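In this text, all values refer to a predicted model and were calculated from it rather than measured experimentally.
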Amino acid sequence: MNERYNFNEIEKKWQNYWEENHSFKTVEDESKEKYYCLEMFPYPSGKLHMGHVRNYSIGDVIARFKKMDGYNVLHPMGWDSFGLPAENAAIKHGTHPSEWTWNNMAEMRAQLKELGLAYDWDREVATCHEDYYRWMQWIFIQFYKKGLAYKKENPVNWCPDCQTVLANEQVVDGCCERCKSPVGKKNLSQWYLKITDYADRLLDNLETLDGWPNKVKIMQKNWIGKSTGAEVQFEIKDYEETLTVFTTRVDTIYGTTYMVLAPEYPSVLKMVEGTEYEQPVKEYIEKVEHMNDIERTSTTNEKTGVFIGKYAINPFTKKEIPIYISDYVLMGYGTGAVMGVPAHDQRDFEFATKFGLDIIPVVDPGDPEVDLNNLTCACAAEGTLINSGEYNGMNNKEAIEKFAEVVEQWGIGKKTVNYRLRDWLISRQRYWGTPIPMIYCEHCGWVPEKEENLPVLLPTDVEFTGKGESPLTTSATFGKTTCPVCGAEAKREMDTMDTFLDSSWYFLRYCDPKNSEAAWDPKKANYWMNVDQYIGGVEHAILHLMYARFFNMFFYDLGLVKTEEPFKNLLTQGMVNKDGKKMSKSIGNVVSPEEIIKTYGADTARLFILFAAPPDRELDWSDAGVEGSYRFLNRVYRLVYEITEKYPEIPAEFTVSGSADKSLNYMLNAAIKKVSEDVGGKFSFNTAISSIMELVNEMYKYKEGENINVGLLGKAVKDLILILSPFTPHICEEMWHHIGQTESVTEMSWPEFDPSALVKDEVEIVVQINGKLKDKLSVPNNMDKAELEKVAMDSEKVQALLEGKTVVKVVVVPNKLLNIVVK
RNA sequence: GCCGGAGUGGCGGAAUUGGCAGACGCACAGGACUUAAAAUCCUGCGAUCCUUACCGAUCGUACCGGUUCGACCCCGGUCUCCGGCACCA
């Protein structure tokens, strides 16, 4: 060990050591308790950013700690390597997406290794590798076989200029992010996964996820958006068809004064055909078609709509009510038809006001401030029914149940549940993704590729123009095949899968990454799953984390995994900002991990990022703060160096005696305890580090004192290195070997604290008068209440302060505090 | 609009969950070492007041109120900021 802390040399040295010794290789071992620590794998964009560094530093501390704590730790890393940027790079630079991606992965892998992350690199997976996407295709076919994958024509985002479908994320302010032209809707036949079949389980299971942040659970709950209500059928006057509405407020049905359909409602055109309403209705539908989602769903819009010339009949009042179409009703939710109750729904109120429709109050909240005959806005409050025939006086909550029963008896409706959650559109007109392993045959329709023929490989003879359909269509060979059922000539599906599918099961592939017979061996998955700790950005709170849960439930149903939920505990880390703003190229406040590692080393970068803020909070990057972390590591290094220089022989046996010894021993054991708790479960890395800093300060003080107990000091050095090692592994490995250890610090057991060292001989008691701090007393530990009270009352200071006062009461908390209440 | 979360020194953040508010670090100021600087070490560092100074006093965890011997912590209300959902019937 050098006199000076040369992080460059040290870090390379130990990274090579770990690699050569396969220090983090893991195999299944039934005799040991397992711990699966997982961080969200990155998209190989080319360079690591600080968000990655934070994410992986957190995971690394946990993984290293758990390993030292005796667990068999699985800590893998891989690449979410399919996706659009590779294709855009191909268009821009003329490189193949594959080349671009693999180059990036190599570069980022090197950066991850520079951070000294304890991964089992033998388990590395890349979703763009045929060994991976082969099983992705197999999984898709299992979905298909269970009836959970289907093809359907639906309106999707369409850029007329680029001639392609766009993902929702690629539509910015209603325009194509690449060419800026307005995005429209187009009906396309696309593949969907029936995630809605799992809506209830996805929702109900949230209750069991005790180890998840509440915030994420609520976000998923909102996203699933379950609402219970009823469907009710309305007859149409002089027309044979009926219309069914969905409502959560069937209790207000007597107040229904009109009906609205979504403009896309299938039978609207038929209903107006040949009437004077045909023209205006068509015009309105066309206008709505040209609106993007932002325009259409804005709540600030004034209500618009068109009367279609027909009347529905309210089944309860038998009154005729006019039927409109309006863009505020969405075809994709409920039935696409809504009963308009202006008195009790704000949207309906606005619509009715605009079109001069009746507003009939049917629920009286009994609130004197609400003038039911002169409403200025809809009244959504609970109350009793009025204007509701025989049901007047009934509580409206009861009426919800009652009316649902009534419509069911009449055979015109039933209680139903609706979800905001939609089926998952997984088709992408892209090249760089998993080919959907489906084949279209004239005779047999859509059939899956035979499982033994997988993978359906991505062809290499394709062009990337950024225009037209999927680049797969430009391949001379890809599309032509034969039907797996009848053998006739057939065509392959040209679309690829949404990359969110790839990332929905990678945690299972890590359990058995090289399996060529199956996606994974359930035995291995049963050993490792579920993930004990998952760590990643909160931006994945809904999509990724819900898709992965959906997949895992499906695998559970197939008997491929033993738990429904894949992630037992979840930690969502906060963003890394600079000067209070998100780091971004356009603002120019990006701090690159590369530079920091070059200037200060990986250990400093890791330490700072863990020390500067609790993991789930935002972290503001501070150059001065990094300096501070660097200074601390230098301080530790110097401490160890100086001690070993001065005391080449450290006795193994020693006794703790004298106040200085006791104080150091106390600090040492307190730090071990604190770090164990903070890293082991609370994930409060910042306070763990601060307790190590306190220990280091104490050791410096002790070292300069008299009567040095070399044995004790040596023990402190040893434990200090051990408890610091999960945070800053390189420097600790260096110091560990320097103090004469021959095994890697990563193979060591986590030190245990000695509870007796934490028992102080004397404790400080706070003396309060009327709750205000007045004095502090040093008394023997565990002094009993009565004696404590006596000692306190006898103290000069208290005596003086009590002059002329009457003591009403004395509250004593042993070993802590004493409060004298006076008048 | 609905649903969450948060508000503590100049800054990042602590506080065993009702018991010394401000640990640890950063910044700043003063000092030591040095020809000098860097590095390092030592001291101070919530506000106001009193005092020559030491000692001390009062206030202080967004704001107002409550419970309690005692409140950053519990309860009621208000404000601000952040996040999610949102014409979902």
* State the syn/anti category of B:rG4 according to its glycosidic angle, syn meaning within 90° of 0. => anti
* Give a yes/no answer on whether the side chain of A:Ser227 brings an N or O atom under 4.0 Å of OP1 or OP2 in B:rA89. => yes
* To do: Please state how far atom CG in A:Leu639 lies from atom P in B:rU40, giving the value in whole angstrom units.
  => 15 Å
* Which nucleotide, B:rG12, B:rG84, B:rA89, lies nearest any side-chain atom of A:Phe611? -> B:rG12
* How is A:Arg4 classified with respect to the nucleic acid when contacts are heavy atoms under 4.0 Å: base, sugar-phosphate, or nothing? -> nothing
* Taking the same atom, P, in B:rC28 and in B:rA21, what whole-Å distance lies between them? -> 30 Å
* **From B:rA21, B:rA89, B:rC24, nucleotide with atom closest to A:Met693 side chain** => B:rC24
* **Nearest to side-chain heavy atoms of A:Glu764, which nucleotide of B:rC85, B:rA89, B:rC20** => B:rC20
* To do: Starting from C1' on B:rG1, measure out to CG on A:Asn222 and report it in whole angstrom.
  => 13 Å
* Kindly say whether the aromatic ring centers of A:Phe500 and A:Trp424 come within a distance under 6.0 Å. => no
* Does A:Asn819 get its side chain close enough to the base of B:rC69, under 3.5 Å, for a donor-acceptor pair? -> yes
* Asked: Looking only at atom C1', what distance separates B:rU43 and B:rU51, rounded to whole Å?
  -> 22 Å
* **Validation row, ring centre A:Tyr419 to ring centre A:Tyr333 under 6.0 Å** => no
* To do: Please report, rounded to the nearest Å, how far the C1' atom of B:rU16 is from the OH atom of A:Tyr666.
  => 10 Å
* **Passing candidate, side chain to side chain contact (heavy atoms under 4.5 Å, CB included) with A:Met40, options A:Glu539, A:His540, A:Gln573** => A:His540
* Donor-acceptor pair present, A:Lys303 side chain and B:rC87 base, under 3.5 Å -> yes
* For atom NZ of A:Lys674 and atom P of B:rA14, their distance in whole Å -> 10 Å
* Identify which nucleotide among B:rG13, B:rG4, B:rA89 has an atom closest to any side-chain atom of A:Pro614, counting heavy atoms from C-beta outward. => B:rG13
* Structure fact -> Separation of B:rC87 atom P from A:Phe355 atom CZ, nearest Å, is 19 Å
* Do any side-chain nitrogens or oxygens of A:Arg617 fall under 4.0 Å of OP1 or OP2 in B:rC82? -> no
* Asked: Which one, B:rC20, B:rG13, B:rG83, comes nearest to the side chain of A:Gln768?
  -> B:rC20
* Asked: Looking at B:rC69, does its base get a donor-acceptor pair with the side chain of A:Lys809 below 3.5 Å?
  -> no
* A:Arg631 side chain: which of B:rG19, B:rG25, B:rU40 is closest? -> B:rU40
* To do: Decide whether A:Glu698 and A:Tyr666 meet the rule of one side-chain donor and one side-chain acceptor closer than 3.5 Å.
  => no
* **Interatomic distance at C1', B:rU16 relative to B:rC72, whole Å** => 15 Å
* Nearest-angstrom distance, P atom, B:rC11 to B:rC2 -> 33 Å
* Asked: For B:rU67, which nucleotide in any strand shown is its Watson-Crick or wobble partner with both distances under 3.5 Å?
  -> none
* Quantified in whole Å, what is the C1' atom distance between nucleotide B:rA6 and nucleotide B:rC63? -> 16 Å
* To do: Look at all strands and tell whether A:Val810 reaches a base, only sugar-phosphate, or nothing, counting heavy atoms closer than 4.0 Å.
  => nothing
* Do the ring centers of A:Phe685 and A:Phe611 come within less than 6.0 Å of each other? -> no
* Structure fact -> B:rU17 glycosidic conformation (syn if within 90° of 0, otherwise anti) is syn
* To do: Could you please spell out the steps behind the salt bridge (charged side-chain N to carboxylate O under 4.0 Å, His left out) verdict for A:Glu677 and A:Lys673?
  => CA-CA 6 Å; A:Glu677 287 168 358; A:Lys673 181 168 189 262; 3.5 Å; yes
* Asked: Reckon A:Gly628 touches a base, only the sugar-phosphate, or nothing at all at heavy-atom distances under 4.0 Å?
  -> sugar-phosphate
* d(CZ, A:Arg635; P, B:rG25) in whole Å -> 8 Å
* Pairing partner (Watson-Crick or G-U wobble, both distances under 3.5 angstrom) of B:rC2 -> B:rG84
* **Value in whole Å for how far the C1' atom of B:rA21 lies from NZ of A:Lys772** => 13 Å
* Hey, are A:Asn222 and A:Arg420 close enough side-chain-wise for a donor-acceptor pair under 3.5 Å? -> no
* When rounded to the nearest Å, what value does the distance between C1' atoms of B:rA57 and B:rC50 take? -> 7 Å
* Options B:rA89, B:rC41, B:rG13, nucleotide nearest the side-chain atoms of A:Asn686 -> B:rG13
* Given B:rA23, B:rG25, B:rG19, the nucleotide with the shortest approach to the side chain of A:Glu694 -> B:rA23
* To do: Could you check which nucleotide pairs with B:rG18 in any of the strands shown, counting Watson-Crick or G-U wobble with both distances under 3.5 Å?
  => none
* Under-4.0 Å side-chain N/O to phosphate OP1/OP2 contact, A:Arg249 with B:rA89 -> no
* To do: Scan A:Lys776 against the nucleic acid and name what it touches under 4.0 Å (heavy atoms): base, sugar-phosphate only, or nothing.
  => base
* Could you check which nucleotide pairs with B:rU61 in any of the strands shown, counting Watson-Crick or G-U wobble with both distances under 3.5 Å? => none
* Asked: Relative to the 5' end of RNA chain B, which residue comes earlier, A:Val813 or A:Ser629, by the nucleotide with the nearest heavy atom?
  -> A:Val813
* From B:rA89, B:rG19, B:rC85, pick the nucleotide closest to the side chain of A:Lys816? -> B:rG19
* **A:Val338 side-chain proximity, nearest of B:rC20, B:rG12, B:rA89** => B:rA89
* Does A:Asn697 have a side-chain nitrogen or oxygen under 4.0 Å from the phosphate oxygens OP1 or OP2 of B:rC24? -> no
* To do: May I ask you to evaluate whether A:Tyr333 reaches the phosphate of B:rA89, defined as a side-chain N or O under 4.0 Å from OP1 or OP2?
  => yes
* I would like to know whether A:Tyr265 and A:Thr335 meet side chain to side chain contact (heavy atoms under 4.5 Å, CB included); could you show each step before the answer? => CA-CA 9 Å; A:Tyr265 200 88; A:Thr335 59; 5.5 Å; no
* **Pairwise C1' distance, B:rA62 and B:rC81 [rounded to whole Å]** => 11 Å
* Run the ring-centre check on A:Phe351 versus A:Tyr328 and record whether the distance is less than 6.0 Å. => yes
* Asked: For atom P, what is the distance between B:rA47 and B:rA39, given to the nearest Å?
  -> 27 Å
* **Nucleotide B:rC26, atom P - distance to CG of A:Leu607 in whole Å** => 11 Å
* Complementary nucleotide of B:rA38, counting Watson-Crick and G-U pairs under 3.5 Å -> none
* **Counterpart base for B:rC55, defined by Watson-Crick or G-U wobble contacts under 3.5 Å** => none
* To do: Please give the nucleotide sitting opposite B:rG10 as a Watson-Crick or G-U wobble pair, both distances under 3.5 Å, or none.
  => B:rC26
* To do: Using a heavy-atom cut-off of under 4.0 Å over every strand shown, decide if A:Ile218 touches base, sugar-phosphate, or nothing.
  => sugar-phosphate
* Going by heavy atoms in the side chains, are A:Gln346 and A:Cys377 under 4.5 Å from each other? -> yes
